[in-house]
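Worksheet: the structure to be examined is printed underneath.
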Amino acid sequence: MDIINKKIDKYVDEHSDAEPEVLKQLNRETHLKVLMPRMLSGHYQGRVLSMLSKMINPKRILEIGTYTGYSAICLAEGLQEEGELTTIDINAELESMARTYFEKAGLANQINYIIGNAAEIIPTLNQTFDLVFIDADKKNNATYYDMVFDKVRTGGYIITDNVLWSGKVVDEKADKDTLLIQNFNTKIQHDERVENVLLPIRDGLLIVRKK
Ligand SMILES: C[S@@+](CC[C@H](N)C(=O)[O-])C[C@H]1O[C@@H](n2cnc3c(N)ncnc32)[C@H](O)[C@@H]1O
């Protein structure tokens with residue numbers, strides 16, 4: 001299901017900043033060489049993530065789900081000068097491509113790229129984060145949220161991608177995957193420790209601010 005009318009989508013793209021050249025190349029190379037290129041955040045969502053990060057101006061960002069590094073680069077654009085983004089992915093096959101683009105974007109020394117299972121890596125991170133982006137295996141959204149919660153500072157943010165699940169969250173007969181997304185969204189809606197707003201951007205970004 002297209003959540004937003006295609007003509008409106010095009011207009012929105014045309015009235016947002018252009019995709020930076022390095023990200024354009026990464027987008028193209030991902031589409032040519034990597035399975036499931038739809039997973040990449042893409043031009044418009046990438047600009048939204050970059051803008052949100054610039055508004056928060058974080059010192060430490062945690063990303064769960066690097067893929068080819070597109071959203072990591074977008075989020076890192078908003079880092080403080082001495083800031084660092086830690087990004088985790090279980091798929092070692094994409095390592096050299098992601099590292100190449102972190103270099104090309106001039107961000108390699110601000111990105112701590114960890115290959116491994118997020119559920120095993122997160123407990124080993126002894127840092128406090130200003131911003132967390134959850135964009136990995138969707139069935140574990142709630143697990144990652146619970147694991148990172150105490151590592152986010154008061155007033156910090158947790159952003160989760162794909163929470164509209166191609167619009168299936170409003171289906172009356174939800175399949176198993178959709179049910180997991182619905183349960184996660186309901187869990188956040190009832191979490192009194194946070195303020196939350198769901199933005200219907202691309203496949204849905206759920207923004208949570210820790211009170
Ligand atoms: C939707 S893609 C991430 C897209 C990326 N954030 C972007 O916007 O360009 C999801 C990624 O999560 C990774 N992933 C899946 N399960 C994981 C796990 N248990 N731990 C860490 N990464 C995982 C996959 O390998 C995949 O690269």
Side-chain angles (χ1 to χ4, degrees), residues 16-17 20 23 26 39-89 98 101-102 105-114 116 118-119 121-138 140-164 184-185 187-189 191 193-211:
S16 301
D17 272 350
L23 289 171
L26 173 55
M39 293 208 296
L40 174 143
S41 281
H43 166 213
Y44 176 65
Q45 180 166 303
R47 289 305 86 209
V48 172
L49 292 174
S50 167
M51 184 69 87
L52 289 171
S53 183
K54 284 173 182 163
M55 288 161 75
I56 298 164
N57 191 218
K59 181 147 195 211
R60 287 197 197 84
I61 304 175
L62 172 63
E63 176 184 67
I64 308 168
T66 319
Y67 190 50
T68 55
Y70 192 98
S71 53
I73 293 173
C74 297
L75 290 166
E77 288 174 18
L79 276 174
Q80 293 177 21
E81 223 166 279
E82 303 295 312
E84 184 183 68
L85 177 143
T86 295
T87 183
I88 310 169
D89 204 290
Y101 279 91
F102 295 158
L107 290 164
N109 57 7
Q110 283 188 285
I111 296 183
N112 171 27
Y113 179 30
I114 304 175
I121 305 291
I122 295 166
T124 70
L125 302 173
N126 294 316
Q127 283 170 320
T128 302
F129 296 96
D130 306 295
L131 169 61
V132 176
F133 183 47
I134 302 177
D135 188 20
D137 47 335
K138 309 299 162 179
N140 280 320
N141 279 352
T143 305
Y144 299 143
Y145 180 85
D146 290 339
M147 286 183 122
V148 299
F149 198 85
D150 288 343
K151 298 179 190 291
V152 176
R153 70 163 164 85
T154 301
Y157 294 83
I158 303 173
I159 303 177
T160 307
D161 196 10
N162 306 105
V163 295
L164 291 177
F184 175 70
N185 294 343
K187 170 187 167 78
I188 303 303
Q189 183 65 11
D191 188 346
R193 301 168 301 171
V194 301
E195 296 162 56
N196 57 292
V197 63
L198 197 165
L199 300 181
I201 285 170
R202 208 182 64 135
D203 199 23
L205 286 179
L206 182 52
I207 310 213
V208 158
R209 180 178 182 274
K210 187 166 165 180
K211 286 186 201 163

If you count heavy atoms of other groups shown closer than 6.0 angstrom to CE of Met39, is the number above 12?
yes

Once you round to the nearest 0.5 Å, how far does CD1 of Ile61 lie from CG of Leu79?
4.0 Å

To the nearest 0.5 Å, how far apart are OG in Ser41 and CG in Leu205?
7.5 Å

Could you tell me the separation between the OG1 atom of Thr154 and the CZ atom of Arg209, rounded to the nearest 0.5 Å?
9.0 Å

State, to 0.1 Å, how close Gly78 and Pro58 come at their nearest heavy-atom pair, and which atoms those are.
O-CD, 3.4 Å

Residues in salt bridge (Lys or Arg N to Asp or Glu O under 4.0 Å) with Asp135, at least two apart?
Lys138

Test item: Tyr101 and Thr68 side chains (from C-beta on) under 4.5 Å apart, heavy atoms:
no

How close do Ile111 and Ala76 get, heavy atom to heavy atom, and via which atoms?
CD1-CB, 4.4 Å

Got a sec, which residues hit salt bridge (Lys or Arg N to Asp or Glu O under 4.0 Å) with Asp17, two or more places apart in sequence or on another chain?
none

In Å, rounded to the nearest 0.5 Å, how long is the span from CG of Leu75 to OH of Tyr70?
11.5 Å

Could you walk me through whether Val163 and Ile188 pass the side chain to side chain contact (heavy atoms under 4.5 Å, CB included) check?
CA-CA 11 Å; Val163 295; Ile188 303 303; over 6 Å; no

pair Cys74-Ser53: side-chain heavy atoms closer than 4.5 Å
no

Is there side-chain contact between Asp161 and Arg202, with heavy atoms separated by less than 4.5 Å?
yes

pair Val152-Tyr157: side-chain heavy atoms closer than 4.5 Å:
no

Check whether any side-chain heavy atom of Tyr145 sits under 4.5 Å from a side-chain heavy atom of Leu206, and report yes or no.
no

Give the C-alpha distance, both sets of side-chain angles, the deciding distance and a yes or no for side-chain hydrogen bond (donor to acceptor under 3.5 Å, both in side chains) between Asp137 and Tyr144.
CA-CA 10 Å; Asp137 47 335; Tyr144 299 143; 2.7 Å; yes

Is there a side-chain contact between Ile121 and Thr86 in this structure, where contact means two heavy atoms from C-beta onward sitting under 4.5 Å apart?
no

Measuring from atom CZ of Phe133 to atom CD1 of Ile158, what distance do you get when rounded to the nearest 0.5 angstrom?
13.0 Å

Strictly by salt bridge (Lys or Arg N to Asp or Glu O under 4.0 Å), give each pair with a member in residues 142-159 just once, sequence neighbours left out.
Asp130-Arg153, Asp146-Lys187

Between CG of Asn162 and CZ of Phe184, what distance do you get to the nearest 0.5 Å?
11.0 Å

Quick one: does Glu84's side chain have a donor or acceptor within less than 3.5 Å of a partner on Asn109's backbone?
no

Within a reach of under 6.0 Å around CD of Glu195, are more than 12 heavy atoms found that belong to other residues, nucleotides or ligands?
yes

From Val208, Ile134, Leu131, residue fulfilling side chain to side chain contact (heavy atoms under 4.5 Å, CB included) relative to Ile159:
Leu131

Tightest non-hydrogen contact, residues Gly69 and Leu26, listed as C-CD2, 3.9 Å

Starting from the C-alpha separation in whole Å, work towards a yes-or-no answer on side chain to side chain contact (heavy atoms under 4.5 Å, CB included) for Asp191 and Asn196.
CA-CA 9 Å; Asp191 188 346; Asn196 57 292; over 6 Å; no

Kindly indicate whether the side chain of Thr66, heavy atoms from C-beta on, has any atom under 4.5 Å from the side chain of Ile114.
no

Please report the closest heavy-atom contact between Gln110 and Gly83, naming both atoms and the distance.
NE2-O, 3.1 Å

Kindly write out the residues that satisfy salt bridge (Lys or Arg N to Asp or Glu O under 4.0 Å) with Lys210, not counting sequence neighbours, or none if the list is empty.
none

Any salt bridge (Lys or Arg N to Asp or Glu O under 4.0 Å) involving residues 48-74? Give me the pairs, sequence neighbours left out, ordered by first then second residue.
Lys54-Glu77

If the condition is side chain to side chain contact (heavy atoms under 4.5 Å, CB included), which residues does Asn57 pass it with, not counting sequence neighbours?
Gln80

Report yes if some heavy atom in the side chain of Val148 is under 4.5 Å from a heavy atom in the side chain of Ile64; otherwise report no.
yes

